Amino acid sequence: MNIRPHYRTVVLSDIHLGTSHSKVNQVSDFLSAVDCDRLILNGDIIDGWSLQKSGVRKWKAEHTRFFKILMKMMENWGTEIVYVRGNHDDFLESLIPLQFANLTLVKDYVLESNGKHYFVTHGDVFDKVTSGMKWLAKLGDIGYTLLLEMNSLYNKYRIRRGKPYYSLSQAIKQKVKQAVNYISDFETVLVDFARNRKCDGVICGHIHHPENRMIDGIHYLNSGDWVETMSALTEDKEGNWNVVYYTEMVKQKEMEEKKSVLSIIPVAS
């Protein structure tokens with residue numbers, strides 16, 4: 001019998017509902033398989049930029065299913081949901097702050113946990129390109145979308161040859177000096193801000209790069225994304241944080257099911 005994991009907090013970001021690259025079915029399956037007291041949706045959940053260009057035709061039934069799961073979590077399990085707006089869902093800005101039942105819509109948030117304080121932000125306001133040059137950010141978004149299209153075609157070729165998924169954009173982020181420096185600068189700015197706010201840590205998204213590490217005495221956490229990495233942050237009841245990956249959860253479940261089947265197969269005498 002599989003026991004559903006229960007977390008004090010789950011953090012998701014960068015789902016980009018309304019784009020063809022959003023792994024909405026996977027994130028919905030993830031939420032359907034776990035329980036949590038608090039769910040933080042840390043920005044870019046809905047991709048308003050994409051919907052503005054294409055209209056509602058990119059809004060699918062699976063996107064609606066995602067929100068039905070959120071409502072079920074609030075109604076049946078009393079889950080508190082905190083929605084922090086990002087840059088792609090900045091159309092929500094006019095509604096902030098908003099409190100409705102178990103749902104809170106905010107620009108940023110301070111999470112108190114086990115005597116520690118975490119500053120929660122999507123992170124776009126700390127990105128000079130996103131905050132200061134929106135036209136350049138949208139141009140970069142077009143480039144990233146094209147890269148994802150190339151990545152999709154490349155991985156179809158790899159699958160036909162029996163090879164595993166390979167992320168071109170993640171490889172670029174890890175190997176290209178400018179991308180590495182961008183991530184490092186982004187982390188440094190956020191860590192300095194959290195320190196100035198007298199916080200013990202910072203929780204963000206935005207750059208699609210999951211992370212859980214200490215930087216100069218500040219706990220830096222990034223929830224990744226549901227376009228490529230399919231990652232989330234989880235906090236257990238003792239206040240321990242982890243980055244979890246959907247693909248690893250699926251593999252673990254398959255292994256457990258295989259062991260369960262093998263355990264009931266009688267051994268020939």
Side-chain angles (χ1 to χ4, degrees), residues 4-109 111 120-124 141 145 148 203-206 208 210 223-235 244-247 249-250:
R4 291 166 61 89
H6 183 278
Y7 302 107
R8 176 186 289 171
T9 307
V10 170
V11 184
L12 303 173
S13 67
D14 299 275
I15 301 175
H16 291 278
L17 297 175
T19 69
S20 58
H21 302 289
S22 173
K23 301 298 190 297
V24 60
N25 289 321
Q26 289 86 338
V27 71
S28 293
D29 290 345
F30 168 76
L31 286 178
S32 298
V34 303
D35 295 322
C36 62
D37 301 326
R38 182 192 300 111
L39 173 64
I40 299 177
L41 302 172
N42 201 8
D44 286 3
I45 305 304
I46 302 171
D47 198 311
W49 294 6
S50 176
L51 292 173
Q52 187 179 36
K53 289 184 292 185
S54 63
V56 295
R57 61 185 177 86
K58 280 197 174 182
W59 192 265
K60 307 296 184 182
E62 52 263 36
H63 300 147
T64 302
R65 176 194 170 215
F66 171 80
F67 284 101
K68 286 182 177 179
I69 291 171
L70 297 186
M71 288 187 285
K72 182 178 179 181
M73 293 172 70
M74 289 191 291
E75 293 173 5
N76 294 358
W77 312 113
T79 302
E80 174 193 0
I81 298 182
V82 179
Y83 192 137
V84 181
R85 78 108 184 98
N87 52 306
H88 283 258
D89 44 21
D90 55 4
F91 62 90
L92 297 171
E93 184 75 26
S94 61
L95 300 176
I96 293 173
L98 176 67
Q99 174 84 45
F100 180 75
N102 293 0
L103 173 66
T104 305
L105 179 61
V106 292
K107 185 178 296 184
D108 51 54
Y109 178 72
L111 171 65
V120 184
T121 174
H122 178 64
D124 58 293
D141 183 61
T145 301
L148 290 175
I203 300 173
C204 62
H206 186 53
H208 297 201
S223 51
D225 69 287
W226 289 83
V227 175
E228 294 182 273
T229 65
M230 291 186 284
S231 56
L233 293 171
T234 61
E235 180 200 23
V244 297
Y245 294 90
Y246 176 76
T247 51
M249 286 183 61
V250 171

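Each residue takes its place number in the sequence, starting with 1. What you are looking at is a predicted structure, and each value in this text was computed from that prediction instead of being measured. Heavy-atom basis, side chains included; hydrogens, waters and symmetry copies ignored.
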When rounded to the nearest 0.5 angstrom, what distance separates [atom1] in [X] from [atom2] in [Y]?
X	Y	atom1	atom2	answer
L105	I96	CG	CD1	4.5 Å
H206	H88	NE2	NE2	7.5 Å
I46	Y83	CD1	OH	4.0 Å
S28	H63	OG	NE2	9.0 Å
L233	I40	CG	CD1	9.0 Å
F91	R85	CZ	CZ	11.5 Å

Q.
side-chain contact (heavy atoms from CB on, under 4.5 Å) for I203 and Y109? Distances and angles first, verdict last.
A. CA-CA 10 Å; I203 300 173; Y109 178 72; over 6 Å; no

**Q.** Derivation of the side-chain contact (heavy atoms from CB on, under 4.5 Å) call for I81 and N102
**A.** CA-CA 6 Å; I81 298 182; N102 293 0; 5.8 Å; no

[X] side chain to [Y] backbone, donor-acceptor under 3.5 Å:
X	Y	value
S13	G224	yes
N42	H122	yes
D89	I45	yes
S22	I15	yes
D37	E80	no
W226	D14	no
R4	S32	yes
T79	M73	yes
Q99	A101	yes
S223	V11	no

Q) Should K23 and D29 count as an ion pair when the cut-off is N to O under 4.0 Å? A) no

**Q.** salt_bridge(K107, E93) N-O dist < 4.0 Å
**A.** yes

Minimal non-hydrogen separation, [X] against [Y], with atom names:
X	Y	value
Y245	P210	OH-CG, 3.5 Å
Y7	V34	CE1-CG1, 4.0 Å
V10	F30	CG1-CE2, 3.9 Å
L51	G18	CD2-CA, 3.9 Å
L95	L98	O-CB, 3.4 Å

Q) Taking atom types as modelled, is there a side-chain donor on W49 or T19 under 3.5 Å from an acceptor on the other? A) no

Q.
Can a side-chain donor-acceptor contact be found between D35 and H6 if the only test is distance below 3.5 angstrom?
A. no

Q) Which of these, V82, T9, L70, sits in a side chain to side chain contact (heavy atoms under 4.5 Å, CB included) with L39? A) L70

Q) Do W59 and L17 come close enough that some side-chain heavy atom pair is under 4.5 Å? A) yes

Q: Go through the steps for R38 and L111 under the test side-chain contact (heavy atoms from CB on, under 4.5 Å), then give the verdict.
A: CA-CA 10 Å; R38 182 192 300 111; L111 171 65; 3.2 Å; yes

